[in-house]
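Since the structure comes first, as structure tokens, the remarks are kept for the end.
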Amino acid sequence: MSARELTEYEEYSREVYDRKGTDAPKFQVKSGLTPEIISTISDEKRDPDWMRAFRLQSLEIYERTALPTWGYPLDGLDMANIVTYVRPDARQSHDWDTVPDEIKNTFEALGIPEAERTGLAGVGAQYDSEVVYHSIKQEVADLGVVYTDMDSALRGEYAEMVREHFMKLLPATEHKFLALHGAVWSGGSFVYVPDGVAVDIPLQSYFRFNAAGAGQFEHTLIILGKNASLHFIEGCSAPKYNVANLHAGCVELYVGEGSRLRYSTIENWSRNMYNLNSKRATVERGGTIEWVSGSFGSHTSFLYPMSILRGDDARCEYTGITFAGAGQELDTGTQVAHIGRNTSSRISAKSISKNGGKSTFRGGITVSENAEGSRISVSCDSLMLDSESRSDTVPVIDVRCDDTDIGYEAKIGRISEQSIYYLMSRGLSENDAKGMIVGGFAEPISKELPLEYAVEMNRLISLEITGGVS
Amino acid sequence: MTKPLLDVRNLHVNVGEKLILRGLNLTVNAGETHVIMGQNGSGKSTLAAAIMGSPMFDVSDGTVEFLGEDITRLSPDKRAKLGVFLSFQNPEEIPGVTVENFLRAAVGAVTGETPRLFKFQKELFAKMDELGLDRVYASRELNVGFSGGEKKKTEILQLLMLNPKLAILDEADSGLDVDAVRVVSDGINKYRNADNAMLIITHNQRLVDDIKVDYVHVLDDKHITLTGGAELISRIADGGFAAVHGDITE
């Protein structure tokens, strides 16, 4: 295939994600961070008093907290230049037809309303700092399921529940970007599934980031009562700019006794994004958290969803894939804390690096003194597509209980020239052969995704392989 | 006269500094079956790989022509599209890719048109039945966890589905029991016709017992030292390569 064909493919296909909307925001704060800017955000959002105080306190924590000392450098990120709040020129709507055309066109190009028509229980769409669209199927709402934007949740019927849980799992003191989140967060979703309710079809939130040099700080809070179940999907993308953008979202998941929550993410931020996101779940007795995570975009990512297996017999599964292309430094992984007895975790992580991309997997496991009978299985598999790329795995294991069964397996390899030759001898071009091998490598992850996301993931992989000219 | 299917002229092949083939000549016409015999390490597999275009070998001199076109520098996929096929001695395992999806993509790549799912599946199952390959293998990951015999049958399945002009079979019978060898030779006989040709690489005679062979070449000292008819096979089987050593023609 000639270089020209590759370039056209790249331009054509990446354009769907990288294109910026042409709408002008309704309101945005000045760049940088001061108590005045934080108060302006509170004013704009008509925060309750406790949230107003919470934001200012978080700002104080932010100011006295140092940058993380692990992971890839964050030199390209200058907080003085980040705009923390950008309100689109749209009121939140429950009717797709009333969403402004410019914003609607962006989401339509990404296939969002189409996804809703083809089998979701509810959809939320956030544009820059605010949610512009939220809907839930009536039959799901009738079961008592709440799916709403966080602003409404802060003031509505569940205000007390939100206050009790907000940044309790992930406190502002944990690291600098959580403190930042506490100060400037906006947007995101609140979900509550009552006892005994199983939501059979997924809920989905899509985060689209349009403004240049801005930050997105959405907060997702999901609470499952006892014996409930839910599949929640989040998708993320943003157009490409030459200035750094920052995403420091926060996801807090509370899984009640005997409940099951699956949280799936396909993240495809543009290559100027610093994705410093925090996610954590706590699981009560007999409950299950399943993370499915695909990280394709961003310039730099720090992302380690954590599962706290608090109750006896609680379980977690983490299935993740990271694809680092040219110029990308993706530091991902997962953490599990085994606290209850007979808790189990199964971690399966894959990473692919290409054209000098760097990928690091961190697996952090702690088993407390009382977590007798815990079972842990970690498998981590890295594939490098060329000799310039880099892949590391960093296991951190702290076991304080003798009665623990732990298996940890890590493999790092380069894509096999012989395998590429074998497929090419059957007529596949070099790119198609590599795409097939990488797609097969990713298959254990893609089969965990809902069909349309698996299709999107395969599309992103073939885009990475065939459009790899930088 | 029509152009030969395969015309190898003065072929020199290196792996790194090491010369494996030196001045090898070979011509294969449509409708012919050729057998290449030779001791282990004589360069038989290197010849197969050089015709297919393996990147692990370096053609330092000479040419490979296919239907009159010089393919010496073509990538393996372009050779496959022209009609060259190699059944691998050690087929690669490709995790996460099913036999069916792989073969459908391969047929699409070679013919330029991805076959319709239902029609393709029907043909695939029919060929699998002929080869005694359980249909569940269509949804197994390509060669992953396959026994030696299953791998070889899957190579023959690919041969039948892709229907190339030239099939090179590199040790298609190694590691197979008697019944499996018969299945493979049956498959080969189903493939062959007046318009295509075969180049069979083997160091034992079992596979070619049931196949009509036109020419036998002995590969020794980095080139073909002897060419004869099917009778060479039994002479080598009975007396080893020493039995034919005095017949050297080149």
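These numbers were taken from a predicted model, which means no experiment stands behind them. Lettering follows sequence order; numbering is per chain, from 1.
- Other residues, nucleotides and ligands contribute over 12 non-hydrogen atoms within 6.0 Å of the NZ atom of B:K44.
- When the candidates B:R79, B:E141, B:E155 are compared by the number of heavy-atom contacts under 4.5 Å with chain A, B:E155 comes out ahead.
- Heavy-atom contacts from other residues, nucleotides or ligands closer than 6.0 Å to CZ of A:R390 number 12 or fewer.
- The aromatic rings of B:F88 and A:Y421 sit tilted relative to each other, their planes meeting at an angle between 30° and 60°.
- Annotation: maximal heavy-atom pairing with chain A below 4.5 Å, among B:A49, B:P164, B:P91, B:S54, occurs at B:S54.
- Here CD of A:E417 is found 6.0 Å from CE of B:M56. Values are rounded to the nearest 0.5 Å.
- To the nearest 0.5 Å, atom OG of residue B:S75 and atom CD of residue A:E430 are 8.0 Å apart.
- Nearest approach of B:D77 to A:L428, heavy atoms of both residues: CB-O, 3.1 Å.
- Other residues, nucleotides and ligands contribute at most 12 non-hydrogen atoms within 6.0 Å of the NZ atom of B:K122.
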Pairs under 3.5 angstrom only: tabulate donor-acceptor contacts from the side chains of residues 106-113 of chain B to other protein residues two or more places apart or in another chain.
from, atom 1, to, atom 2, distance (Å)
B:T111, OG1, B:V107, O, 2.7
B:T111, OG1, B:E113, N, 3.3
B:T111, OG1, B:E113, O, 3.1

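- Note that the CD atom of B:E92 and the OG atom of A:S425 stand 10.0 Å from one another [nearest 0.5 Å].
- Residues B:L142 and A:Y422 have side chains in contact (heavy-atom distance under 4.5 Å, counting atoms from C-beta outward).
- A 6.0 Å sphere centred on CZ of A:R346 holds no more than 12 heavy atoms belonging to other residues, nucleotides or ligands.
- In plain terms, the two heavy atoms of B:A80 and A:R426 that are nearest each other are CB-C, 4.0 Å.
- Residue contact with chain A, scored on non-hydrogen atoms closer than 4.5 Å, involves the backbone and the side chain of B:L86 alike.
- Contact annotation for A:S446: neither backbone nor side-chain heavy atoms come within less than 4.5 Å of a heavy atom of chain B.
- The salt bridge (Lys or Arg N to Asp or Glu O under 4.0 Å) contacts involving residues 125-136 of chain B comprise B:E123-B:K127, B:D129-B:R135, where partners must be two or more places apart or lie in separate chains.
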